2 protein chains.
Amino acid sequence: MAARVFAIRSLAGHLKARYSLDRDDLDGIERLNGTARSFEPNQYLLREGDRPKYCSFLVDGFVYRHKIVADGGRQIVSIHIPGDIIDLQNMLLQEADHNIQALTAATVLLFPHEEVVALAFARPAVGKAMWRETLIEASISREWIANVGRRDARERTAHLICELAMRRESAGLGPREAYELPMTQEQLGDALGLTAVHVNRTLKALQDDGLITRSKRSVAVNDWERLRAVADFTTNYLHLGQG
Amino acid sequence: MAARVFAIRSLAGHLKARYSLDRDDLDGIERLNGTARSFEPNQYLLREGDRPKYCSFLVDGFVYRHKIVADGGRQIVSIHIPGDIIDLQNMLLQEADHNIQALTAATVLLFPHEEVVALAFARPAVGKAMWRETLIEASISREWIANVGRRDARERTAHLICELAMRRESAGLGPREAYELPMTQEQLGDALGLTAVHVNRTLKALQDDGLITRSKRSVAVNDWERLRAVADFTTNYLHLGQG
DNA sequence: CACGCATCCAAACATATGATAAGCTGATTC
DNA sequence: GAATCAGCTTATCATATGTTTGGATGCGTG
């Protein structure tokens with residue numbers, strides 16, 4: 001399966017690429033008791049109200065987090081790609097305030113909260129790296145608020161395509177010009193605050209304008225600069241630089 | 001001035017109320033080099049692109065954070081009340097990805113980043129408390145995504161009124177049944193992803209239905225339970241319990 | 001007191017997006 | 001290879017929200 005080619009190796013390896021960690025820091029990470037676990041597409045990793053005991057590091061596949069509102073509507077609040085530490089958000093909170101679900105088949109490594117917290121404070125460089133990861137996620141959430149709140153469907157959709165392209169590239173998962181995007185239009189709508197029908201219209205318009213090409217479950221960006229401009233996309237909120 | 005009555009005393013005092021910290025933890029916090037600083041209404045505390053060197057603890061007044069999109073539209077991404085640590089979000093990031101601005105006259109205490117980080121890792125209980133505060137903020141951001149993405153104007157507006165009521169009450173700033181809300185309808189619109197005109201319509205509708213009463217710059221909640229139901233509001237995402 | 005300015009409010013009209021429905025495609029199953 | 005099913009596509013119609021405008025109100029400043 002194609003996705004497997006890009007699977008991330010290990011938490012230590014991934015953090016090492018972005019933070020300056022010494023031998024002891026890396027040893028600490030490698031000594032964490034990680035358990036691999038696989039999930040089917042659509043399977044829940046965690047439900048709102050649960051009391052999670054593990055952080056999960058996403059090795060392979062896509063995962064997303066979402067909330068359900070009163071009328072049954074669903075809002076996806078984040079999308080995760082291999083290399084993301086999915087569950088640091090819940091680490092110091094008691095009760096999950098959202099659901100986490102597998103988008104595709106996915107493999108994660110589970111690490112017990114207590115061990116991760118203990119390591120974070122025993123090895124401050126590791127703690128800072130993890131804390132920083134949670135802050136970057138928060139930054140992405142803020143951008144999503146602006147995206148959903150103040151951009152129209154066309155800008156919004158283009159923005160999501162740019163963001164995922166950039167995050168994938170930055171995680172070493174492949175070039176931003178074309179990538180696998182295994183989301184249905186319904187799911188895209190739930191991420192963008194739109195209906196599936198309108199996502200369809202919008203994607204078609206972007207394609208007719210020569211900005212992107214869609215095939216089955218992947219996107220090609222034909223004109224990155226123009227798409228970027230339409231989306232009002234910048235990379236600053238992703239904080240891609242070294243920590 | 002009325003707001004001053006509710007001013008928060010100190011960072012140590014505020015954290016002590018929510019976290020179990022021992023004498024050394026509190027000493028560490030009190031020994032931080034905090035500088036008081038006042039801001040005029042609308043004055044910027046920080047601009048996108050700045051490289052902040054201080055965390056700010058909000059003692060008095062209201063502050064908000066926002067982003068500007070391509071067409072000049074503005075999206076408020078968070079609203080802060082006394083007791084909030086405004087700038088932990090930027091602490092481990094280089095460059096601010098959003099603006100921070102005073103809503104009313106405001107007083108903050110500034111603490112140098114390095115000192116705060118050093119304390120966080122010297123006194124893990126303090127570090128956990130601060131980290132947790134940033135995670136709660138992230139949780140609120142997620143709820144805002146859902147609010148703007150999947151709730152209509154009426155629900156959205158009611159939700160914001162409930163959230164601020166609850167957060168104020170929980171911070172010990174007064175009862176949730178009535179409170180000062182010194183935001184213009186334009187600013188409310190920027191927070192809700194609506195236009196000022198539509199905020200006006202929506203507030204009027206909520207008032208006509210007997211849910212709230214507005215006077216000058218404050219709100220009274222006439223029927224908390226009904227407003228809560230309209231808003232689809234729950235407190236779980238605020239994580240009000242002890243850390 | 002007069003003036004300017006921000007805010008609130010209301011009405012008329014415009015439009016982006018939602019809702020519903022129906023047909024189409026391609027994969028999977030028996 | 002027929003049947004089924006999920007997802008995509010397109011069209012029509014409905015509506016929530018935006019846009020524009022103008023007037024009322026209140027407040028600070030000269």
Side-chain angles (χ1 to χ4, degrees), chain A residues 1 40-42 62 69-76 103-105 147-160 180-209 212-219 230, chain B residues 1 40-43 62 69-75 101-105 147-160 180-209 212-219 230:
Chain A
M1 118 173 8
E40 308 279 304
N42 302 321
F62 288 71
V69 301
D71 67 355
R74 185 172 72 154
Q75 177 67 45
I76 294 178
L103 184 54
T104 62
N147 208 31
V148 174
R150 283 297 186 222
R151 295 197 182 102
D152 67 20
R154 180 184 175 84
E155 300 166 329
R156 231 184 272 186
T157 307
H159 196 279
L160 181 61
E180 199 190 349
L181 180 60
M183 295 175 74
T184 66
Q185 295 181 350
E186 175 102 37
Q187 289 165 336
L188 285 170
D190 286 343
L192 294 167
L194 299 170
T195 58
V197 173
H198 202 61
V199 168
N200 185 286
R201 290 194 271 251
T202 306
L203 287 174
K204 179 165 190 312
L206 289 174
Q207 171 149 329
D208 289 349
D209 293 348
I212 64 170
T213 309
R214 293 167 295 153
S215 55
K216 32 202 153 170
R217 290 292 164 79
S218 62
V219 210
V230 165
Chain B
M1 123 173 2
E40 309 279 303
N42 301 321
Q43 194 179 347
F62 288 72
V69 302
D71 67 355
R74 186 172 71 155
Q75 177 68 44
Q101 201 170 358
L103 185 54
T104 62
N147 208 32
V148 173
R150 283 295 187 221
R151 295 198 182 100
D152 67 20
R154 180 185 176 83
E155 298 166 330
R156 234 185 267 187
T157 307
H159 196 278
L160 181 61
E180 199 190 348
L181 180 59
M183 296 176 74
T184 65
Q185 295 180 351
E186 175 101 37
Q187 290 165 334
L188 285 170
D190 286 344
L192 294 168
L194 299 170
T195 58
V197 173
H198 202 61
V199 168
N200 185 287
R201 288 195 271 250
T202 307
L203 287 174
K204 178 165 192 313
L206 289 174
Q207 171 148 330
D208 289 350
D209 293 349
I212 63 171
T213 309
R214 291 168 297 154
S215 54
K216 34 202 153 169
R217 290 292 164 78
S218 62
V219 210
V230 165

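Quick note on labels: first sequence line is chain A, next is B, and so on, each numbered from 1. If you're wondering where the values come from, they're calculated on a predicted model, not measured in any experiment.
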Between [N] ([atom2]) and [X] ([atom1]): distance, integer Å:
X      : N      : atom1 : atom2 : result
A/K204 : D/dG7  : NZ    : C1'   : 17 Å
B/H198 : C/dC8  : NE2   : P     : 16 Å
A/D208 : D/dT9  : CG    : P     : 11 Å
B/Q187 : C/dC8  : CD    : C1'   : 14 Å
A/L192 : C/dT17 : CG    : P     : 11 Å
A/L194 : D/dA16 : CG    : C1'   : 14 Å
A/L188 : D/dA6  : CG    : P     : 19 Å
A/D71  : C/dG18 : CG    : P     : 12 Å

Do [Y] and [X] meet the salt-bridge criterion of a basic N to acidic O distance under 4.0 Å?
X      : Y      : answer
A/D190 : B/R150 : yes
B/D208 : B/R201 : no
B/D209 : B/K204 : no

- Atom pair CZ (A/R214) and CG (A/L206), whose distance is rounded to the nearest 0.5 Å: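 Result: 8.5 Å between the selected atoms.
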
- Item | Nucleotide nearest A/Q185 (side chain, heavy atoms from C-beta), chosen from C/dT7, D/dT17, D/dC8 |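 Closest nucleotide among those given: D/dC8.
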
- Message: Looking only at the side chain of B/R156 (C-beta and beyond, no hydrogens), which of the listed nucleotides C/dC8, D/dT17, D/dA11 gets closest?
- Response: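 Minimum distance to the B/R156 side chain belongs to D/dT17.
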
- Message: Can you work out whether A/V197 or A/D152 has the more 5'-proximal nearest nucleotide on DNA chain C?
- Response: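 The residue mapped nearer the 5' terminus is A/D152.
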
- Query: Any donor-acceptor pair under 3.5 Å joining the side chain of A/R201 to the base of C/dG18?
  - Reply: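 Flag set: donor-acceptor pair detected.
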
At under 4.0 Å between heavy atoms, what does [X] touch on the DNA or RNA strands: base, sugar-phosphate, or nothing?
X      : answer
B/N200 : base
A/G73  : nothing
B/G189 : nothing

- Are side-chain N/O atoms of A/R156 and A/H159 paired as donor and acceptor at under 3.5 Å?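 Absent: no donor and acceptor within the cut-off.
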
- Query: Within less than 4.0 Å of OP1 or OP2 of C/dC8, is there a side-chain N or O belonging to B/R217?
  - Reply: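 Looking at the OP1 and OP2 atoms of C/dC8, one of them is under 4.0 Å from a side-chain N or O of B/R217.
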
- Message: So, does A/R214 get its side chain near the phosphate of D/dT9, meaning an N or O under 4.0 Å from OP1 or OP2?
- Response: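 Indeed, a polar side-chain atom of A/R214 lies that close.
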
- Item | Toward the 5' end of DNA chain D, by each residue's nearest nucleotide, A/R150 or A/E186 |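 Counting from the 5' end, the first nearest nucleotide belongs to A/E186.
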
